[in-house]
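Every chain is numbered from 1, with letters handed out A, B, ... down the list of sequences. Just so it is clear, the model here is predicted, and its values are computed rather than measured.
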Protein chains: 2
Amino acid sequence: MSSRSVTIKDIAKILGISKSTVSRALSEHSDVNQETRKKILEVAQQLNYQPNALALNLKQQRTNTIGVIIPETVNRFFAKAIGGIQRVANLAGYNVMICQSDESYITEKNNLRSLIASHVDGVIISVSSETDRTDHFDLLLQKKIPVVFFDRIREDLHTSQVYTDNYEISFAGTEHLIQQGCQRIAIIAGPQNLHNSRNRLNGYMDALKKHDRPVKESYIVHSNFTGGNIEEYTRYLINLPQRPDAVFAINDYAAVEMMHVFKKNGLKIPDDIAVLGFNNENIGRFVEPPLSTIDLPSYDMGAVSAEILLAQIRDASAPIQRKLVKSQLIIRESTHRITTP
Amino acid sequence: MSSRSVTIKDIAKILGISKSTVSRALSEHSDVNQETRKKILEVAQQLNYQPNALALNLKQQRTNTIGVIIPETVNRFFAKAIGGIQRVANLAGYNVMICQSDESYITEKNNLRSLIASHVDGVIISVSSETDRTDHFDLLLQKKIPVVFFDRIREDLHTSQVYTDNYEISFAGTEHLIQQGCQRIAIIAGPQNLHNSRNRLNGYMDALKKHDRPVKESYIVHSNFTGGNIEEYTRYLINLPQRPDAVFAINDYAAVEMMHVFKKNGLKIPDDIAVLGFNNENIGRFVEPPLSTIDLPSYDMGAVSAEILLAQIRDASAPIQRKLVKSQLIIRESTHRITTP
DNA sequence: AAAAATTGTTCAATCGATTGCGCATGATAC
DNA sequence: GTATCATGCGCAATCGATTGAACAATTTTT
């Protein structure tokens, strides 16, 4: 009848014993008579007793909840990462509280504050593109709340980090374009303040250098992920005196949009211009020609992050970990030139 | 030094007064001398006092957290809905706990159990495609936890519901195809157990009837959202003795994949066959020809759901609401026939 | 048979807040 | 000068668990 839940007090009253005994019987701690325990378990079962998580939270000062801060859920990369985090967390009996920073430092800071206020047991975070400082993380360290950074990491902080080989995979992607006979490779690079973007750009440049290709400023364009001005950049590249014969794009959406513009301008892909994307979105499989791209292990990065975090939650002395999860080059037709020179 | 947080007890001790007074001063309840209050606020400020949310949760039996259960975060529709939910919730000072059912009834049930165990103040849910019963929701109603169903709703339950006009928009989409001169319109419909899919199918059929087109079984194909066998279905349609001259697809990914197969088979879009998608994915803007589609108001549905839920959380006697958020037909080239008969 | 150890249980404090009730104190009323 | 009342504050219970310490009751040891 009453919507009040059953407590150990209720069980104790029914059996005419004390709360302590009930508690000990249920948590199987020690020193409870087998018969008493049996009776307690029976009554508990019968009343469908569920321990009040709120009381436990207060008493034990933990919540069995981990906080996650990501730039945005609509980004497929992060959506998949959440999947990995949740799988691991739920299996371990943890809930997941998700916040979006919307690529804003202020929001990220607020998210962090509210997660801390909620007493989450640990935090997994991928910093916003706007974030260029780390002072807001001090509170976490100060309160000794375990943190794992993933993908968009902060190498300067002494915390666990999970990342992928942005440099190496960009190097590999660029080298692949070179091997296809491309001479003038342009890149649409990400925001300069993002560590990952810089790594990717470096991988691209070093691959060019290795193969004695010049690195030309005019072939490097910085964009953000929203892709507002991709069309403009594409036209710019098309109209260069030395038009590039390949382009390595920041992400698949940019790549697809560029392909669209190239085709409208009568350029053949990949022979006039090869296109390599980033992120392995579904879309890449269905465009004409199918898009070569780089598969980022987002799900795995999420899962690994959660595992590391849980280890640190369970054992405060667990060591900081830095873990690499490898990306993979996926070659389709948009970079596959039949006629290599 | 100590990582223990400041409590009202600390403040009380410093000022040599009782906890009660501190509490009353901070919550501005009543009956506190202005001077005493001032001193308390000062000390609180100085020590950077933050009330312990866990203690409040226990005392007040609420958590300022709302639970969300969706089929999957990688689905862009739901990812956007989460955005809307979070925006509204955060502005109101609520946290959001997100669970994925992975389109599984069992998982959905487990999610629900863990949200209830976490004492969330309310739940927003879009049921899994596998869910064909409602018994697991009884516990929510029994515990009087406010619920809002959105998009994938359950009309049979007496709870708030937020949905879009699947029937009307499918009717409109089909009518649009008819107006473009299409005679034989096929449909790739969603899973039959989903309410939304049935509504969409009905809209399609009724539009055909209204314009005296026959409804042919052979033009109706049921698929799920994973899109595993779209290619096969497409071939089936192409090889029909009376090949359709338009297809209305369950979602944009299916539509794009179909376009791909049509083009490979030498069919011209939209003149040989028009293609209409569903969901307004980014991808649709970049395929050749750009895809006509239906824009589902996912963000708004999330936001509206959160608003209704919060209203019910704040006032238990707030009425149940059923709210329609309209979809929109977006016409691009894949259905735009120049040569209407 | 007295001392010691074991077993099973209860008491009461604790986590960190809120809040009803009661008690001083001083002001006002009559 | 006593009765009444408002003001300001403290006591202690409460939310629902856990847990150290104390204490009976019984058994074992010597």
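Within 4.0 Å of A/Leu54, counting heavy atoms only, lies no atom of the nucleic acid at all. Here B/Thr7 lies in heavy-atom contact (under 4.0 Å) with sugar-phosphate atoms only. Nucleic acid contact for A/Ile8: base, since at least one base atom lies under 4.0 Å from a heavy atom of the residue.
Taking only side-chain atoms of B/Leu58, from C-beta outward, the nucleotide of C/dT9, D/dC9, D/dG16 with the closest atom is D/dG16. Looking at the side chain of B/Asn52, the nearest of the listed nucleotides C/dC15, C/dG16, C/dT10 is C/dG16. The side chain of B/Ser20 lies closest to C/dT19, out of D/dA17, C/dT18, C/dT19.
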Apply side-chain contact (heavy atoms from CB on, under 4.5 Å) to A/Val22 and A/Ile17, showing your working. CA-CA 8 Å; A/Val22 177; A/Ile17 56 180; 3.9 Å; yes

Would A/Thr107 and A/Asp102 satisfy side-chain hydrogen bond (donor to acceptor under 3.5 Å, both in side chains), going step by step from the backbone distance to the final call? CA-CA 7 Å; A/Thr107 309; A/Asp102 293 326; 5.3 Å; no

Salt bridge (Lys or Arg N to Asp or Glu O under 4.0 Å) for A/Arg133 and A/Glu108? Distances and angles first, verdict last. CA-CA 11 Å; A/Arg133 45 203 292 194; A/Glu108 182 174 288; over 6 Å; no

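One atom, NE2 of A/His119, and another, P of C/dC15, lie 14 Å apart when rounded to the nearest Å. What separates NZ of B/Lys13 from C1' of D/dG10 is a distance of 16 Å, to the nearest Å. As a whole-Å value, the separation of B/Leu56 CG from D/dG16 P is 15 Å. Following rounding to the nearest Å, B/Asn64 (CG) and C/dA17 (P) show an atom-to-atom distance of 15 Å. Look at NZ on B/Lys9: it is 15 Å from P on C/dT18, rounded to the nearest Å. Between A/Arg62 atom CZ and D/dA17 atom P there is a gap of 15 Å when expressed in whole angstrom units. What separates CG of A/Asn33 from P of C/dG8 is a distance of 5 Å, to the nearest Å. Between B/Lys19 atom NZ and D/dA13 atom P the separation is 12 Å, expressed in whole Å.
Environment of CZ in A/Arg154: crowded, with over 12 heavy atoms of neighbouring residues, nucleotides or ligands closer than 6.0 Å. By the neighbour-count criterion of 12 heavy atoms within 6.0 Å, atom CZ of A/Arg87 is sparsely surrounded, having that number or fewer from other residues, nucleotides or ligands.
Summary of the strand contacts: A/Thr36 and B/Leu26 both lie near DNA chain C, and taking for each the nucleotide with the nearest heavy atom, the more 5' one is attributed to A/Thr36. Projected onto DNA chain D by closest heavy-atom contact, B/Gln60 and B/Ser18 fall at different nucleotides, the more 5' of which corresponds to B/Ser18. Looking at which nucleotide of DNA chain C each of B/Gln50 and B/Arg24 is closest to, the 5′-most match is held by B/Gln50.
Not one side-chain nitrogen or oxygen of A/Ser5 sits closer than 4.0 Å to the OP1 or OP2 atom of D/dG16. Phosphate proximity of D/dG10 to B/Thr21: present, with a side-chain N or O under 4.0 Å from OP1 or OP2. Contact annotation: A/Gln61 does not reach the phosphate of C/dT14 (side-chain N/O to OP1 or OP2, under 4.0 Å). Contact annotation: A/Ser23 does not reach the phosphate of D/dA17 (side-chain N/O to OP1 or OP2, under 4.0 Å).
For B/Lys59 and D/dT14, a side-chain-to-base donor-acceptor distance below 3.5 Å is present, hydrogens and geometry of angles not being considered.
Using a 30° and 60° split on the angle between ring planes, A/His136 and A/Tyr105 fall in the perpendicular class, above 60°.
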